[in-house]
Every structure is written in C-alpha cells, then in structure tokens.
Amino acid sequence: MDCLFCKIVNGEIPSTKVYEDETVYAFKDINPVAPVHVLIIPKQHLSSINDVNAENSAVIAHIYEVAAKLAKEFGISENGYRMVSNCGADAGQTVFHLHFHLLGGKKLNIKMC
Ligand code: 5GP
Ligand code: ZN
C-alpha cells in the first residue's frame, strides 16, 4: 500500500509523534496552520470518512477520546479547538488516509466553508 500516513504509522517516514496506542496514531502536522495542529489517524488504512462503517467505526469514537486527552495536554481544552476531517476533492483532502486535524492555540477563523 503506497500511502504516506501508513508509512508514518510504520515508521518508514519520520514524524513527531504525540500519541500512540494499538489502533490510533497522532503526530504534528508538517505544515501547521495553528499553534497546535495535530493529525489523529486510525492505524488501519481507511481512505476517508467514506470508508467508515459498522465494522470499523469504534476507532472514530476512540479518535475523539484521544483528541480530548491531547487538547488537555496541549492546554487548549478550556479556550477551545476544532476537529476537522476533509473528505474528497471538494473538501480539499490531499492525503487519502483518514485523518482528523486537531487545531487550536489561537482564535480560529469562524468560517465553515
Ligand atoms: P488534508 O488536506 O488531506 O486534510 O490534510 C493533509 C495534511 O497532512 C496537511 O495539513 C499536510 O500539511 C499534512 N502532511 C502532508 N504530508 C505530511 C508529512 O509527510 N508529515 C506530516 N507530519 N504531515 C504531512
Ligand atoms: Zn494509509
């Protein structure tokens, strides 16, 4: 599987890891757009939200648990933060391994689209 984020999970490509367990990996975005910009991904290769189904959806709940924990650790849980997952061309998805951007540490732009 020629997937950038699978290679990051496998350690073939280096990353700044901030969290890891059996099913989830989280690392700093290489091109941060906010003081805190972490990518939280399932270790299992899912291309996007389109691949989420009844068999694999437990990892999504777990990703949100990890987000809450990391938000506390990075000191943004009180002031606020955003979780974003871009799905497909219209949303600007560039890496086709499901990921959630955890963004915070500044007043974020309110625009949703
Ligand atoms: P998307 O546009 O698909 O929602 O987000 C992809 C994100 O992956 C972008 O924010 C981009 O900066 C990040 N990214 C792309 N390549 C790498 C990489 O090799 N390492 C890390 N840490 N982040 C990457
Ligand atoms: Zn992958």
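The first residue of the sequence shown is numbered 1, and numbering continues consecutively from there. Worth knowing before you read on, the calculation uses all heavy atoms, side chains too, and leaves out hydrogens, waters and symmetry mates. In listed order, ligands and their atoms are each counted from 1.
- The shortest distance between side-chain heavy atoms of Val66 and Leu102 does not fall below 4.5 Å.
- Looking at Val84 and Leu103, their side chains come closer than 4.5 Å, going by heavy atoms from C-beta outward.
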Is there a salt bridge (charged side-chain N to carboxylate O under 4.0 Å, His left out) between Glu20 and Lys43 once you walk through the steps? CA-CA 9 Å; Glu20 180 175 18; Lys43 285 188 170 177; 2.8 Å; yes

Check against side chain to side chain contact (heavy atoms under 4.5 Å, CB included), Ile40 and Tyr19: CA-CA 9 Å; Ile40 311 176; Tyr19 179 84; over 6 Å; no

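- Near ligand 1, residues Leu4, Phe5, Ile8, Phe27, Lys28, Asp29, Ile30, Asn31, Leu39, Asn86, Gly92, Gln93, Thr94, Val95, His99, His101 come within 4.0 angstrom through at least one heavy atom.
- Ring-plane geometry between His37 and His101 is classed as tilted, the angle between the planes lying from 30 to 60 degrees on a 0 to 90 degree scale.
- Both Phe74 and Tyr64 are part of a single hydrophobic cluster, where members link through side-chain heavy atoms under 4.5 Å apart.
- Within the protein, the number of N, O or S atoms lying under 2.8 Å from the Zn ion (ligand 2) is 4.
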For salt bridge (charged side-chain N to carboxylate O under 4.0 Å, His left out), just list the numbers for Lys69 and Glu73, CA-CA rounded to whole Å, side-chain angles, deciding distance to a tenth of an Å, and then say yes or no. CA-CA 6 Å; Lys69 174 186 153 59; Glu73 280 178 21; 2.9 Å; yes

Determine, step by step, whether Leu108 and Lys106 satisfy the side chain to side chain contact (heavy atoms under 4.5 Å, CB included) criterion, reporting the C-alpha distance in whole Å, the side-chain angles of both residues, the deciding distance to 0.1 Å, and the verdict. CA-CA 6 Å; Leu108 300 168; Lys106 70 170 188 180; 4.1 Å; yes

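- Within the 4.5 Å cutoff, side-chain heavy atoms of Asp21 are placed close to those of His62.
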